[in-house]
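Nothing here was measured: the structure is a model prediction, and the numbers come from that model. We number each residue from 1, following the sequence as shown.
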Amino acid sequence: MKKNIFIALAIVCSLSLVSCGGSRVMVTERPSAPYSQRPYSPGPNYLWVEGDWRIRNGRYVYQQGYWAPLRGNRRWENGHWQQNNRGWKWQHGYWR
């Protein structure tokens, strides 16, 4: 029983470490975000976080933006497309 739990835990840990690696999905053309209308702010202490591109099944899929509560004196850096010699890669946004 303990052996099975240990094996299951090892598998979960290894999968979580694999997902932490950098994205290797590249595209030849930088996609445009689909048009969407920004909803009203839920209050004065919220910041609009622009939409993001996520990888699903080896492709970039657009995820709509959302209102996020402010985080003290931190500020949001929007994600952006970065070009290199192989194509375009999405750099996710983050709180700074």
Side-chain angles (χ1 to χ4, degrees):
M1 178 70 173
K2 287 184 181 181
K3 184 178 180 181
N4 290 340
I5 292 173
F6 178 75
I7 291 172
L9 192 60
I11 290 171
V12 169
C13 289
S14 64
L15 290 175
S16 65
L17 290 175
V18 168
S19 68
C20 291
S23 165
R24 292 197 170 105
V25 175
M26 304 290 281
V27 292
T28 56
E29 290 184 26
R30 188 175 93 177
S32 299
Y35 173 78
S36 63
Q37 188 170 359
R38 184 184 300 184
Y40 290 110
S41 172
N45 295 324
Y46 285 82
L47 169 79
W48 179 253
V49 173
E50 293 293 335
D52 197 29
W53 292 91
R54 300 289 177 181
I55 297 172
R56 292 207 180 98
N57 300 322
R59 297 180 50 206
Y60 281 108
V61 177
Y62 188 73
Q63 179 178 316
Q64 294 293 331
Y66 59 94
W67 289 101
L70 294 176
R71 296 186 180 185
N73 61 355
R74 297 173 74 189
R75 65 185 171 109
W76 176 255
E77 295 286 334
N78 285 325
H80 62 276
W81 287 100
Q82 185 174 17
Q83 187 177 26
N84 65 24
N85 59 353
R86 293 185 342 206
W88 293 89
K89 178 181 170 186
W90 179 254
Q91 299 295 316
H92 293 285
Y94 60 94
W95 287 97
R96 174 180 264 199

Next on the checklist: R71 vs W76, test: side chain to side chain contact (heavy atoms under 4.5 Å, CB included). Steps then yes/no.
Outcome noted: CA-CA 9 Å; R71 296 186 180 185; W76 176 255; over 6 Å; no
Compare every heavy atom of [Y] with every heavy atom of [X], then report the nearest pair and how far apart it is.
{"X": "Y62", "Y": "A33", "value": "CE1-CB, 3.6 Å"}
{"X": "L70", "Y": "P44", "value": "CD1-O, 4.5 Å"}
{"X": "Y46", "Y": "P69", "value": "CD2-N, 3.5 Å"}
{"X": "G58", "Y": "V25", "value": "O-CG1, 3.8 Å"}
{"X": "V27", "Y": "W81", "value": "CG2-CZ3, 4.0 Å"}

With rounding to the nearest 0.5 angstrom, report the [atom1] to [atom2] distance, [X] to [Y].
{"X": "R54", "Y": "Q63", "atom1": "CZ", "atom2": "CD", "answer": "5.0 Å"}
{"X": "R38", "Y": "Q64", "atom1": "CZ", "atom2": "CD", "answer": "12.0 Å"}
{"X": "I55", "Y": "K89", "atom1": "CD1", "atom2": "NZ", "answer": "8.0 Å"}
{"X": "N78", "Y": "H92", "atom1": "CG", "atom2": "NE2", "answer": "13.5 Å"}

Tell me whether [X] contacts the main-chain N or O of [Y] through its side chain, where contact means a donor paired with an acceptor under 3.5 Å.
{"X": "Y60", "Y": "W90", "result": "yes"}
{"X": "W67", "Y": "P39", "result": "yes"}
{"X": "R96", "Y": "E77", "result": "no"}

Item to check | Verdict with reasoning, H80 to R30, per side chain to side chain contact (heavy atoms under 4.5 Å, CB included) | outcome: CA-CA 10 Å; H80 62 276; R30 188 175 93 177; over 6 Å; no
Checklist entry - Do L47 and W95 touch side chain to side chain, with heavy atoms closer than 4.5 Å? => result yes
Next on the checklist: Would you say CZ of R59 has more than 12 non-hydrogen atoms from neighbouring residues, nucleotides or ligands within 6.0 angstrom?
Outcome noted: no
Checklist entry - Are there more than 12 heavy atoms of other residues, nucleotides or ligands under 6.0 Å from atom CD of E29? => result no
